[in-house]
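Quick caveat: nothing in here was measured; it's all calculated off a predicted structure.
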Amino acid sequence: MATFDIPTEQWAQVVEKSGGPAVYKKIPVQKPGPDEVLINVKYSGVCHTDLHAMMGDWPLETKMPLVGGHEGAGVVVAKGELVKDVELGDHAGIKWLNGSCLACSFCMQADEPLCPHALLSGYTVDGSFQQYAIAKAAHIAHLPKDLDLEAVAPVLCAGITVYKGLKESGARPGQWVAIVGAGGGLGNMAIQYAKAMGLNAVAIDGGAEKGAACKELGAAAYVDFLSTSDLVKEVKAATPEGLGPHAVLLLAVSEKPFQQATEYVRSRGTVVCIGLPAKAYLKAPVFDTVVRMITIKGSYVGNRQDTQEAIDFYARGMIKAPFKTVGLSQLQDIYTMMHENRVVGRYVVDTSK
């Protein structure tokens, strides 16, 4: 069995008060509990949720002080005495769902993200913006050792989340799905998962740079909300017979796209809400929703099976998350770019820098 020298201190990005900023500082390395593992995080993706966690603008209590992050990829270096199916040296991922009770009615039916006792990485428990992070062994993502930890990190939230949303949409191979916010980190991966699942993607976002990126990743069409005079008409026109997409994945971080989706989704289509703009509401005309038999639903994050399926798509070379890597010390700069909507694709932080 492999052995590791574990330091007593480590570098981390710590949010000390709601609203930030994140402070790059040294903190102690924690020891895993009986059912936990300690992961030496090599890389961590940066999600828009991490910005919400720092700002404290969701109606969900946040741990303070907080180490954010929930797309951590690394190596298991210690484990508790009850952990039997994980070995030291295994490659593992830290996800948004850090742990759940495994005993409630939701956990028993593979809906563990809905567990009332769920632990959330980088929100209710410390996450992956540190060199050594704790996770419940039952919920880690098992990563094949031949996968690049740097490149797979964004799959651990962005990939799993959009893959689950596509499954929840009920869209079948050959059908069309609109992806709103397609130029962002989740959207870039949603285009690829849609293509891998046999779906045709209409990408919706703003700007020529995002349009080019979406087309390169496999989008069948791109609608630029910044330049179009009639977004609803243009989205419908991009689909067969002009009837609109069979499903819509809402990944946007503002409210307006949530209000537009039922206007262009095909009759009997499904609108899947995934993005979580702060203090936003969703509304749709009752008459249209009824007579066109539209389904509106939310999709949270994937369960353990969804996780392994999403990773398998990546392992087979069907998903390549576009990302840029910077040092962990530069995390606050990424938050600033997110706030200004200047991020294309995904940022990954290297915990050694």
Side-chain angles (χ1 to χ4, degrees), residues 33 35-37 45 47-50 52-53 58-63 69-72 82-83 85-86 92-125 127-128 134-143 154-172 177 179 186 189-190 193-194 196-197 199 247-251 258 261 269-277 280 282 294-314 319:
D35 61 345
E36 296 174 335
V37 294
C47 178
H48 211 276
T49 296
D50 299 315
H52 287 295
W58 278 356
L60 178 64
E61 189 174 346
T62 314
K63 174 187 179 295
H70 55 274
E71 289 183 346
L82 298 180
V83 178
D85 60 344
V86 181
I94 293 171
K95 309 172 297 163
W96 172 248
L97 186 63
N98 190 287
S100 72
C101 75
L102 300 178
C104 69
S105 59
F106 292 112
C107 286
M108 294 286 283
Q109 297 179 74
D111 271 332
E112 55 262 29
L114 303 181
C115 174
H117 309 291
L119 304 174
L120 308 177
S121 300
Y123 214 103
T124 65
V125 296
S128 54
I134 297 287
K136 294 292 185 182
H139 282 284
I140 61 170
H142 296 270
L143 303 175
V155 176
L156 299 172
C157 175
I160 295 166
T161 299
V162 297
Y163 174 66
K164 178 68 167 181
L166 287 165
K167 288 177 70 174
E168 289 287 334
S169 78
R172 300 189 301 275
V177 57
I179 298 169
L186 272 75
M189 300 192 77
Y193 275 104
M197 296 165 76
L199 303 170
V248 181
L249 252 62
L250 287 163
L251 309 174
F258 286 76
T270 301
V271 175
V272 183
C273 303
I274 296 176
L276 292 167
L282 173 68
I294 294 168
T295 299
I296 302 171
K297 65 193 302 186
S299 180
Y300 190 27
V301 292
N303 61 24
R304 288 171 289 172
Q305 181 63 32
D306 298 321
T307 295
Q308 293 310 129
E309 291 173 6
I311 291 170
D312 184 58
F313 271 105
Y314 175 83
I319 310 296

Non-hydrogen side-chain atoms of L143 and L156 separated by less than 4.5 Å: yes
Heavy-atom closest contact (P154 atom, M189 atom, distance): O-SD, 3.8 Å
Any side-chain heavy-atom pair of V301 and K95 under 4.5 Å: no
Student check: side-chain heavy atoms of V125 and I134 closer than 4.5 Å: no
Candidates H52, H70, H139 - the one meeting ring pair (Phe, Tyr, Trp, His ring centres under 6.0 Å) with W96: H70
Polar side-chain atom of K297 near backbone of E168 as donor-acceptor pair, under 3.5 Å: yes
Beyond-backbone contact of Q308 with I311, side-chain heavy atoms, under 4.5 angstrom: yes
Closest non-hydrogen atom pair, Y193 against A310: OH-O, 2.8 Å
Contact summary for I140 and A135, nearest pair of heavy atoms: CG2-CB, 3.8 Å
Under 3.5 Å: donor-acceptor pair, side chain of E112, backbone of R304: yes
Pairwise distance CG(L249) to CG(L166) - rounded to 0.5 angstrom: 5.0 Å
Greater than 12 external heavy atoms within 6.0 Å of Y300's OH: yes
Closest non-hydrogen atom pair between C115 and C107, with its separation: CB-SG, 3.7 Å
F258 side chain reached by P277 side chain, heavy atoms, under 4.5 Å: yes
Atom pair OG1/CD of T161 and E71 - distance to nearest 0.5 Å: 8.0 Å
Taking every non-hydrogen atom, the tightest pair across A190 and L251: CB-CD1, 4.1 Å
Straight-line distance of L97 CG to D306 CG, nearest 0.5 Å: 11.5 Å
L119 backbone acceptor or donor facing N98 side chain under 3.5 Å: no
From I160 atom CD1 to T307 atom OG1, the distance as rounded to the nearest 0.5 Å: 3.5 Å
Heavy-atom side-chain proximity of T49 to L276 below 4.5 angstrom: no
V155 backbone acceptor or donor facing Y163 side chain under 3.5 Å: no
Atom of V86, atom of H142 and distance for their closest heavy-atom approach: CG2-CE1, 3.9 Å
Any side-chain heavy-atom pair of L282 and C273 under 4.5 Å: yes
N/O donor-acceptor pair under 3.5 Å between D50 side chain and G69 backbone: yes
Interatomic spacing from SG in C157 to CG in L186 - rounded to 0.5 Å: 6.0 Å
Rounded distance (nearest 0.5 Å) linking atom OH of Y314 with atom CD1 of I319: 10.0 Å
Test side-chain contact (heavy atoms from CB on, under 4.5 Å) applied to V272 and V177, step by step: CA-CA 10 Å; V272 183; V177 57; over 6 Å; no
Side-chain donor/acceptor of T270 to backbone N/O of A247, under 3.5 Å: no
